[in-house]
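Worksheet: the structure to be examined is printed underneath.
Remember, it's 1-based here, ligands and their atoms both numbered in the order they're listed. Here the structure is a predicted model, which means the values were calculated and not measured.
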Amino acid sequence: MTMADFDPDSVEIPCGHFIGGKLVREDGPTISVRRPSDNRIYAELPIGDAAVVDHAVQNAGKAQETSGWATQPPRERARAMKRWADLIDAEVESLGRLEALGSTRPIMQAIAVDVASTAEGLRFFAEYADKLGGEVAATRSDNLGLVVSEPYGVVGAITPWNFPLSMASWKAGPALAAGNAIVIKPSEMTPFSTVRFAQLAIEAGIPAGIVNVVQGTGAVTGDALVRHPLIGKISFTGSTRTGAAIMAASAASGVKPVTLELGGKSPQLVFADAQSLAKTAERAAASILGNAGQVCVAGSRLIVQRQARDEMIERLLDLFAAPRPGPTWSSATTFSPIISTPQADRIDDIVRRSMASGASALTGGRRLSAIQDGAFYEPTILSDVSVETPAVREEIFGPVLTVQSFEDEEEGLALADHPDYGLAAGVHTADINKALRAVRRLKAGTVWVNRYGRTLDFILPTGGYKRSGVGKDLGRQAVEANLRHKSVLIDFAA
Ligand code: NAD
C-alpha cells in the first residue's frame, strides 16, 4: 500500500446537479451508479428532467448576461480561469480519487495525467481570453467594416465516460474564455468528478451560474439540454450514433451549431524501415492498452509491412503480458477495468464474431476472470483478419488490437483507410518522404509520425474526418467554435 492507494468507501461523493453555484438534489427518478472496479453501486444519481435542465440553462443565461463574466476586461476572465486551474492542482489527490473511484482510470494515472492535464488545459484556454479579436474588412474608404466576435451566451456540453475531467475541461475552457456560460451533462456512468470541477470554478471566483452541471441519462437529460431554446451551441463527445442523434435534435430545435467528437478505428502503419521496432511496438501497445483501449484515438488497427510482422508480433506479445489489472484505487494497477459489464460483453461479442469469421487470437480473446466483481478484458491480439472482420470494422473500445500486413506503400495506405472513421492515424518510418506521402494521403483529423498519442500541446486541434466528427476540440479552432461573428458596417461619409 502506497500513499496513493485509497479506500473506495471513504470518498465523499458530490451527488446532485450543480446549478447557480449550488449542489441541487430534488426528489424524483434516479439511476444507480456502479464502480467499474468492483461493479458495486455507490450512489443514486438524480435524472434531471426538462424542468431541471430549464432551471440550469435559465440560470446560466442570467449569469452570463448580468454577472460581468463576458463584459469584464478579458484579462480578468483569464485570471479567474487560471485560479480555477490552480485550485484543481491543489486538489489533485482528492480529485484524482473521485475520478479513479467512478471511472476506469487507475489512481496513479488519474493523478499524474487526468487531473494534471485538466488544469493545464484550462490554463491554455485562459490565455486566449484577451487574445481574441475580430477583423477590419475591406470596404469603401468612407465606411468602416468590422467583423466582431461575440459569445453565444449559454453553451451546452455533453461528455462521455472515458476521461470525465479532461473532457469537461476541453469543453469548459474554450466556452468560458470566449465569455460563455456552460451547462455540462456528464455521462451517467461517471457523473461526479465534473461536479467537483464545477464547484472549484466558483471557489476560484468565477461567478455562480457560469459553470453548471445537470445529471441524468442521455435520452432524458441530454436530449432536453440539446433542445433547450436558450442553448446557443452544443459541444458533444461520444459515439457516432449519439452524435448523429444530437445533430438531428439540434437541427429540429433551432438549427444550433454542433461540435461533435465521435468514434474512431485508428490505424498504426508500421513500415519495415521504422527507426526502432522495439520503440514502435511499445507505442503500439500503449496506444491500445492505455485505459484498456477505452480511448477514442486508440491505435486499434496495426498495419505492418510483411518483413517487420514477425518481430512486431513477438515484441507485442511480451508487452501484452505486462499490464497489471486491478481496482482503480490501487497504485499497483496499470491495466483498467472495462466501464461496465454490458460493455465487456459487447467487446467479447465483437471478438467472438471476428473469430467465427476466421480471425485467430494470438493472445487474449476472453473476459479476464473477475477481480472483485469488476469487468476486465484480456489484452488481445487478433490476426487472420480482413477489412470485413467485425474487429477491424467496428469500434470496440476495448484492449483489442487487430494485425494486418502489407507488401508495399500503396497497399498499406489502402488498408489504413477506414470506410467510416477518420479520427487519428500513426505512421512509423525512418524515411521522411514516405512519412510525408502518408501524411498527405491518410484521411484522419490527426496524424502522428514516429509517435502515437496526445501531448500537452493543446494548440493542436483534435477532431475527426468522416464519421469521426464535425469541428474541433482544443486549439484556436475550439475557441472560435464558441464564438459567433457579427458584421458591422459604419458609414462616415461627410
Ligand atoms: P455515448 O455516445 O453513449 O454517450 C456520450 C454522452 O452522450 C453521455 O453523456 C450520454 O448520456 C449522452 N447521450 C446519449 N444519448 C443521448 C441523446 N440522445 N441526446 C443527448 N445526449 C445523449 O458515448 P460513451 O459510450 O459515453 O463514450 C464512448 C464513445 O465516445 C466512443 O465512441 C468514443 O470513441 C467516443 N469518444 C470520442 C472522443 C473524441 O475526442 N473524438 C473522445 C472520447 C470518447
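Applying the 4.0 Å criterion to heavy atoms of F397 picks out, from ligand 1, the atoms 28 (C), 31 (C), 33 (C), 34 (O). Each of the atoms 6 (C), 8 (C), 9 (O) of ligand 1 lies under 4.0 Å from some heavy atom of T159. Residue contact check: I158 has heavy atoms under 4.0 Å from atoms 6 (C), 7 (O), 9 (O), 12 (C), 20 (C), 21 (N) of ligand 1. In the vicinity of P160, heavy-atom distances shorter than 4.0 Å reach the ligand 1 atoms 26 (O), 27 (O), 43 (C), 44 (C). Residue contact check: D223 has heavy atoms under 4.0 Å from atoms 19 (N), 20 (C) of ligand 1.
At least one heavy atom of F236 sits closer than 4.0 Å to an atom of ligand 1. At least one heavy atom of P186 sits less than 4.0 Å from an atom of ligand 1.
Applying the side chain to side chain donor-acceptor pair (under 3.5 Å) test between R105 and each of T190, T328, D114, T333 identifies D114 as the sole match.
In this pair, Y421 and H418 present their aromatic rings tilted. The plane angle is within the 30 to 60° band.
A centroid separation of less than 6.0 Å is found between the aromatic rings of F397 and W161.
At least one N or O atom of E188, backbone or side chain, sits closer than 3.5 Å to an N or O atom of ligand 1. Between M167 and ligand 1, no pair of N/O atoms sits closer than 3.5 Å.
With contacts defined as side-chain heavy-atom distances shorter than 4.5 Å, the pair Y42/R34 does not qualify.
The two residues G20 and N59 have their closest heavy-atom pair at CA-OD1, 3.4 Å.
Note that the CG atom of L319 and the CD1 atom of I288 stand 13.5 Å from one another [nearest 0.5 Å].
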